[in-house]
Structures are given as C-alpha cells and as structure tokens.
Amino acid sequence: MTLDLSRVITQITDMVATVDPDHDRHRFDALRHLWETLDSNEVNSRLSNAKTSFLYASGSSDYRRVHALPALPDSFGVVATDGSMIVPDRHSPARYYLINTGTVHLRYGESPAAVMSATPDLRYAEDDLWVDTEARKLPVNDTILGLRRAVAELQAAAEALQSERLPSVAFVDGTLILWALESLDKPIVEPLLKSYVQALEAFTSLNQPVAGYISSPGATDLLGTLRVAICDYPDMGRTIDCNDCWKQLTEHGQIPHCEILPRVTDRYIVSQIAAIAPGQRTNVFPGRSKILARYGDDQWVEFFYLHTGREIARIEVPRWVARDPELLDRVHSVAFDQAQLGRGYPVALQEAHEQAVLSMADRRLVEETIERRLASHGVIVTHTGKDGSKRGRFV
Amino acid sequence: MAVSSSAVGNRLGEVIETSTTGFIAESDELHRLPDLGALVCVGGLDDSRAYYGVVAYGATGGLDTSRKAVRRGGDHLADAAIYSRHPELELILRTVFSVAVIGYRDGPGFRHVLPALPVPLHYSVHGCDQSTIASFCAAPRYLAALLNYNGEIMPEQIVAAHFRWIDNQLNDNHAWLADATRRLARLMKRDYDRLAIVLEAVAPD
C-alpha cells in the first residue's frame with residue numbers, strides 16, 4: 001500500500017510548529033563565541049590528561065586553521081570502488097552470498113580515459129558462510145559481510161592502480177574506520193582486521209593514496225574538542241573526567257557544563273561557525289577510535305573536512321598519506337574536483353555505485369539460475385510460504 | 001556470418017532491437033551514425049541474404065535509460081572539452097539509430113518487400129557502396145512502405161531525406177531523383193498536401 005499523505009499532513013504541520021528557531025539561540029551564541037576565542041594551546045593541555053566519554057579532534061597547534069585548495073596535478077588518475085551484496089536469505093533455499101564490486105578508473109589531463117567494470121564474487125563454502133568463535137559456529141551476518149565487502153572494495157581499488165603510472169587517488173565510499181569491529185568477538189575481529197589492514201597496506205606499497213569519502217558526515221569530533229575547551233573541571237583545578245561528571249549528574253543533578261553547547265555535528269561547525277569556503281579544508285586530525293590501535297601507525301586513520309561547494313564532506317586517509325604534504329594536497333584537490341564534476345558527490349564514486357548496484361531483476365536472475373542448475377542436478381528447491389507471498393502478490 | 005561483398009562498407013553499429021518493420025542499432029562510435037535517409041544493410045543468417053533499410057531516426061542518450069543527461073558545462077567548459085573533463089561519458093552514453101526495413105537481397109536479385117523474418121539481433125549494420133545503392137534503389141518500389149513507416153518522425157521527412165541522400169550518392173544529374181519523384185507523385189496523387197511536403201523538403205539545389 002502506498003502512503004496516504006493526506007492522513008499525515010496535519011501531524012506534519014503540528015510537528016513543524018514545535019520547531020522554534022530561536023529556542024536555543026543562547027547555546028549557538030556560546031558555540032560561536034567559544035570557536036572564535038578558542039585557545040588551541042589550552043585545549044591541547046586539557047586533552048593531555050582528559051578522560052572523556054566522547055571522541056574529539058586533537059593534535060593541532062591551531063584547530064581553526066583553514067587550508068586553501070591546491071592546484072590539481074596536470075595529469076592524474078582516479079580510481080573508485082563500491083560494492084553491493086546479495087546476503088543469505090532465510091527464506092531462500094540456497095545458502096550463499098554474493099558481493100558485486102564495481103570499479104571505475106578515470107584519467108584526466110593529457111589523455112583522458114575511462115575504464116569501468118563490475119566483478120561478482122559468489123561464496124557458498126562452509127568457511128565462507130560460518131565463522132568459528134571459541135564457543136560455537138556463527139552464521140555470517142550483515143555486519144561481517146559488510147566488512148568483507150569493504151575489504152573487496154579496497155582490494156579492487158589497489159588492483160586497478162597496479163598498472164597506473166600517473167599520480168592518482170583511490171576513493172571508497174564511507175569510513176576507513178571499522179567501528180563495527182569494536183562490538184564483535186575477538187575471533188571474528190582478527191581475520192577481518194588483518195585482511196582490511198593488509199588491503200590498506202597495498203596502497204602504501206603502490207605509493208598511491210586511498211581515501212574514504214563521507215558525504216554529510218554525522219561525526220562530532222570537533223564538537224568534542226569544543227566540549228573539552230568549555231569544560232569547567234580545569235577551572236576548578238581538576239583534570240577533565242566525564243565519568244566523574246556523570247556521577248555528579250546522576251547523584252546530585254549537577255548539569256555538565258558542556259551542555260551549554262548545542263548538539264550539532266562537525267559539518268555544522270565547519271560550515272556555519274568556522275564558515276570555510278568552497279574548496280577549503282580543515283586541519284587533518286587523527287581518529288581516536290579504539291580499533292585504530294590495531295591498524296598500526298602507518299595506517300592509523302586521520303580525517304579532515306572539505307567544503308565541496310554543495311556540502312561539508314569528511315575525507316579519511318591513512319597516516320602515511322596525511323604525513324606527506326604532496327599526497328595530502330593531491331587528495332584534497334582531487335576530492336574537490338571530483339565533487340564538482342559529480343555535481344556534489346565524486347563522479348567516480350557515483351559511477352562505481354552504478355557499476356556495483358544489483359537490481360531486483362539481477363537478484364532474481366542469480367536465484368533462478370541457481371535453482372535451474374540445482375534442478376538439473378536433481379535437487380528441486382522449494383520456497384518458504386513467506387517468500388512465495390512476496391513473489392506472487394495477489395489481490 | 002559474413003555480409004556479402006556487394007554490400008561492403010564500414011561497420012556502423014549493431015542491431016540491438018529488431019522487428020518485422022525495422023530495427024534499432026547502437027552506433028559503434030558515440031555521436032556518429034549514418035545520415036537520416038541513408039541506405040544501410042545487415043547481413044542475413046545465411047550468405048545469400050542481406051537486409052536493406054533506410055535510416056529513420058537517431059538519438060544519443062544514457063546507456064541506462066533511467067539516467068538522464070544533465071548539464072555538465074558552463075562558461076568555462078563547453079562542447080568537446082566536456083568530454084575530456086568527463087571521460088566516463090564515453091562509457092555511459094550511447095548513440096542509437098532506427099532503420100525502416102524496405103527490402104532484402106535474395107540470391108542475385110533484390111526484393112522491395114518486407115522480409116519474412118526480422119533482421120537478426122546483434123548483427124552488424126554496414127553502409128552500402130555506390131554500386132549496391134544504384135542496384136538496390138534502381139526502380140524504387142519501396143516508397144509506399146516507407147511512406148507508411150510508423151516511427152518517431154513524419155514519413156514524408158524520411159522520404160525526403162532518403163531522396164536527397166540517394167541523389168547525392170549517385171551524383172547522376174538528378175536522374176534517379178526525377179524518376180523517384182514521378183513514382184512518388186503517382187503514389188500520392190490523392191494526397192497532394194503530403195506530396196508537397198516531400199517535394200519542398202527535397203527541392204534540388
């Protein structure tokens with residue numbers, strides 16, 4: 001059934017009426033004042049022994065520094081990959097998953113060229129479908145498959161760059177930080193992490209930077225830094241300690257001082273408060289997720305924010321790239337150029353997505369091919385009742 | 001399956017949709033397609049056959065029809081430079097052309113009637129050399145079929161384009177054109193208005 005908008009429109013009107021743009025004005029004023037008077041030295045001194053419950057941007061001598069757009073190389077390459085999946089479906093008789101990796105390789109400058117392809121990989125072996133933990137065997141879930149897809153994307157990008165002589169940048173869609181691993185069991189984490197870091201290392205060997213491109217990021221690292229800056233614990237001669245602050249809140253009703261700051265994202269701070277201009281980027285800051293310790297120093301993920309003209313994007317690069325001014329400039333200028341060509345989002349990533357995407361028709365085709373082949377081997381597959389109801393929707 | 005040597009020409013494209021009355025071909029090269037009204041040829045499933053048609057429409061657009069072209073340029077980037085700045089365009093656009101089938105070669109002779117079978121899918125579309133054009137179009141009995149072709153543009157425009165094209169190819173002091181025009185006039189004697197459209201569009205220089 002399609003949505004009957006007329007039945008929701010009154011509720012939408014009521015909801016919009018409750019949004020008061022002036023309600024939090026004093027909080028936004030506090031945010032702006034804090035940013036404009038930010039003392040980076042003081043912040044760094046606080047960060048040196050702060051125990052926070054949130055991530056923050058660190059390691060800058062001037063957190064508000066803005067970098068101008070560098071020139072593009074004369075001739076350069078761009079590789080982008082994206083993956084799409086068919087996951088094991090409980091209602092399907094076949095046990096397999098498929099990762100379709102789209103790869104786009106573009107050259108700009110003297111001899112423009114384009115190569116695009118998609119490579120499907122179907123897995124069905126016991127080892128592929130089940131993961132051994134110490135206690136038991138677990139079926140692979142969407143999280144694990146998502147991580148395998150991320151590895152496949154990196155591997156495809158590195159492979160595309162094997163024969164590339166031009167200075168290039170490889171883009172993948174999304175973060176390079178495997179947040180999802182933090183919640184998984186160790187026996188599952190180890191092999192995934194190992195293959196991911198190995199995939200990242202391939203770019204170091206090629207001396208071609210890889211970057212994760214995040215459109216409209218929800219990250220709040222810079223906000224975290226500002227919360228540290230405004231914290232009142234140092235004013236009382238104490239080191240910053242969010243655990244203690246939480247206790248004060250729950251036991252004594254003491255509101256944390258950083259609550260004065262509105263809950264905004266970094267992209268808001270960068271575009272509205274710092275107000276960087278299109279083409280400009282912030283400093284590069286190191287990621288602080290726990291999982292990064294397992295990446296090693298060279299592959300430790302760092303990030304910066306870039307004004308693409310249309311929005312603030314978060315670009316993540318391994319430390320070995322961030323440390324090299326030429327490579328960092330290349331990632332900066334190429335990411336911006338790609339976003340212009342793509343009318344707001346890197347054109348290479350858009351095309352990689354188009355290569356990778358699997359339509360309903362593609363998915364049905366894979367299923368039906370498998371069923372036909374099984375049938376020719378004498379195995380007749382039956383569908384569950386629920387699956388049948390979705391295939392033949394009747395009135 | 002080789003196309004008969006009597007219809008040798010550079011390959012223009014490949015049949016991607018086919019039916020009794022005509023076919024659609026995708027050009028081998030973006031933006032390049034045979035002229036409107038040109039005679040083209042497709043090989044048959046056996047050596048003795050070849051199919052002939054008149055180009056009746058052309059278009060360039062997204063390979064995936066759900067993706068629409070958007071403006072890529074502006075003050076600082078236009079025309080051919082857009083393709084250098086967007087190398088992926090060569091891979092995601094395509095040029096197609098429609099052809100009205102008007103006859104076929106059967107053994108030594110030509111027949112100006114619709115073939116029994118549609119042109120084979122995925123076969124090459126070739127241009128025709130001058131001697132083939134002269135032979136096939138010698139006594140054009142396919143004009144009625146062409147006038148009734150149901151395509152994207154008015155059949156009168158296709159006929160006019162075809163007349164101009166053949167006249168140009170044969171370079172025979174408009175001899176063929178005069179004969180073809182007389183045949184057309186006989187066909188359209190009850191429809192002077194439509195005939196006038198064709199004649200005005202043809203008007204030799």
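Lettering of chains follows the sequences in order, A, B, ..., and the numbering in each one begins at 1.
With a 4.5 Å cut-off on non-hydrogen atoms, A:Q340 does not touch chain B at all. Neither the backbone nor the side chain of B:E90 comes within contact range of chain A, judged by heavy atoms closer than 4.5 Å. Looking at A:V115, the atoms closer than 4.5 Å to chain B (heavy atoms on both sides) all sit in the backbone: N, CA, C or O. Only the side chain of A:R343 comes within contact range of chain B, with heavy atoms under 4.5 Å apart.
Per-residue heavy-atom pair counts under 4.5 Å with chain B were compared for A:L341, A:L106, A:V104, A:D337, and the maximum is reached by A:L341. Interface summary for chain A: among B:R71, B:R67, B:H86, B:R72, the most heavy-atom pairs under 4.5 angstrom belong to B:R67.
In this structure, the ring of B:H31 has its center less than 6.0 angstrom from the ring center of B:Y83.
In terms of modelled atom types and a separation under 3.5 Å, the side chain of B:R32 and the main chain of B:S27 share no donor-acceptor contact. No donor-acceptor distance shorter than 3.5 angstrom exists from the side chain of B:D167 to the backbone of B:R164, with no hydrogens or angles considered. Looking at B:H112, its side chain does come within 3.5 Å of a backbone N or O of B:F136 through a donor-acceptor pair.
With values rounded to the nearest 0.5 angstrom, A:R310 atom CZ is found 12.0 Å from A:S216 atom OG.
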